[in-house]
Amino acid sequence: MNMYVAEDPEQIKTIERHILQEQKHHPEAKGILTDLLYDIALAGKVIASKTTRAGLAEILGQTGDVNIQGEVVQKLDRFADMTIYRLNDHTGRLAALGSEEHEGLLHIPDKYPTGKYVLLYDPLDGSNNIDFNIPVGTIFSIYQRVTKSGPGTLLDALQSGRNIVASGYIIYGSSTMLVYTTGKGVHGFTLDPSVGEFLLSHPNIRIPETPVYFSVNLGYRKYWSEGVIRYTDYLQGVDGQIPSLSLRYVGSLVADFHRNLLAGGVFYYPADKKDPHKPHGKLRLLYEAAPLAFLAEQAGGYASDGFGSIMDIQPDDLHQRTPLFIGNSPLVEKAEELIAHHDR
Ligand code: AFP
């Protein structure tokens, strides 16, 4: 026997092999979604190769442009945005793309065929953190188009989370990880940079039942509603109903979500009165909240806007914002209960 052949073929599983095995659960599948997920994983590797060099002078610094959210675009955002678009615009798998960095839909160039899926992505979430060596991430979701043929339209992109076919994120931290779901559990892969492969490291992730953390920007407390303040007191054990949870807030949604997914807890970014132009919270329904809501549900958790499931919200704008409470189901339900009681 060749001593270099692993005895247990399950020992090391690349993301390619894992996605292919998942595809076998769907005999009708033609492999298009599988290929699309490969392309996203490839984009993740390319972006990771830049984020680890972000301290270098040629990358650092802002381009000076302002994106449609009114935020300054940094060079790495632009690189990540372009990488994902370029790796997906010509494959014939997509009808259109939507990026948090662009106001409208991104169309497939006329010279390339269109396909049956729509890819929505936030290329580099938490990009304000790049200069401080704090993790950032890419968030993505995939929907089937609803129009029959031709270039994709807004109708194809403005779908509720219930229609997501696959979603996930790539976190660029002390290591690079890709976490995704196709509705059959949540699986996490860690990039081995020495061989350039994502290897299965966290199969079947479930949010631990006992929460450890709560994550919120406490600096905005004075702008919150009574219900959200009472909820925060509850999480801090002020009323003695639960032992106090530890506070952790990075300010990169992917990093905060990832930690709470693995350790147990809740992240929230409520509506606040800080900016009268953003009374519905800061986070984007399609680019941030819905993809993570699908992951949370698949991991046994729940995501809400404080009134009901994020997954049920029908968007009417690509850049629609929403309050978000996401993590252990009982904790998210508690937020709904206190908001219903104090804020209505
Ligand atoms: P940036 O991409 O502009 O850094 O915003 C990050 C983000 O959308 C999300 O990742 C964080 O959870 C949230 O904003 C942090 O916002 P605050 O700085 O207002 O707490």
Side-chain angles (χ1 to χ4, degrees), residues 47 50-51 54 60-81 84 98-103 120-141 167-173 177 179 213-224 228 232 247-261 265-293 295-296 303-306 310 318-327 332:
I47 297 166
K50 286 277 184 197
T51 55
L60 263 187
Q62 299 169 345
T63 60
D65 291 352
V66 170
N67 75 6
I68 71 132
Q69 314 292 347
E71 302 152 338
V72 176
V73 179
Q74 296 185 293
K75 280 185 180 173
L76 215 49
D77 301 40
R78 195 171 264 191
F79 174 81
D81 184 40
I84 296 171
S99 161
E100 197 246 333
E101 294 293 333
H102 297 268
E103 185 164 5
L120 302 184
Y121 62 97
D122 184 349
L124 215 57
D125 189 66
S127 51
N128 281 321
N129 279 326
I130 292 169
D131 288 354
F132 311 112
N133 232 329
I134 291 171
V136 290
T138 298
I139 306 174
F140 65 91
S141 55
S167 73
Y169 60 84
I170 303 155
I171 178 167
Y172 311 101
M177 271 192 77
V179 178
Y213 299 116
F214 77 107
S215 307
V216 68
N217 192 334
L218 261 188
Y220 302 151
R221 184 181 170 104
K222 70 173 179 182
Y223 303 111
W224 292 340
V228 173
T232 307
L247 170 64
R248 294 282 188 285
Y249 189 72
V250 169
S252 274
L253 175 60
V254 171
D256 282 313
F257 177 79
H258 182 68
R259 181 193 50 248
N260 294 352
L261 177 74
V266 63
F267 169 95
Y268 54 111
Y269 201 116
D272 62 47
K273 296 189 272 291
K274 184 163 67 79
D275 182 347
H277 300 296
K278 298 176 187 169
H280 306 297
K282 176 185 181 188
L283 303 177
R284 296 79 173 168
L285 174 63
L286 284 172
Y287 297 117
E288 296 171 304
L292 298 187
L295 279 170
S304 168
D305 65 353
I310 289 284
L318 271 181
H319 293 274
Q320 188 165 324
R321 293 174 191 268
T322 178
L324 175 65
F325 299 78
I326 189 165
V332 176

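Note that ligands are numbered from 1 as they come in the structure, with each ligand's atoms numbered from 1 the same way. Scope of the values below: all heavy atoms of this structure, side chains included, with no hydrogens, waters or symmetry mates. What you are looking at is a predicted structure, and each value in this text was computed from that prediction instead of being measured.
His280 and Asp305 are not linked by any side-chain donor-acceptor pair at a separation below 3.5 angstrom, with hydrogens and angles left out of the test.
Proximity to Ser127 (heavy-atom distance under 4.0 Å) selects the following atoms of ligand 1: 1 (P), 2 (O), 4 (O). Those atoms of ligand 1 that come under 4.0 Å of a heavy atom in Gly126, given as number and element, are 1 (P), 2 (O), 4 (O), 6 (C), 10 (O). The distance from ligand 1 to the heavy atoms of Leu253 drops below 4.0 Å at these ligand atoms: 9 (C), 10 (O), 11 (C), 12 (O). Counting the atoms of ligand 1 from 1 in the order shown, those under 4.0 Å from a heavy atom of Ser252 are 10 (O).
A heavy-atom distance below 4.5 Å is not found between the side chains of Pro135 and His258. Looking at Tyr172 and Thr138, their side chains come closer than 4.5 Å, going by heavy atoms from C-beta outward. Contact check for Phe140 versus Ile84: no side-chain heavy atoms found under the 4.5 Å cut-off.
Here Arg284 has side-chain heavy atoms under 4.0 Å from ligand 1, and that is the only part of it that gets that close. When heavy-atom distances to ligand 1 are checked against a 4.0 Å cut-off, Asp256 has no atom that comes that close, whether in backbone or side chain. Of the heavy atoms in Phe267, only side-chain atoms (C-beta onward) come closer than 4.0 Å to ligand 1. Residue contacts with ligand 1, taken as heavy atom pairs separated by less than 4.0 Å, involve Asn128 via backbone and side-chain atoms alike.
Considering backbone and side-chain N/O atoms, Asn129 never comes within less than 3.5 Å of an N/O atom of ligand 1.
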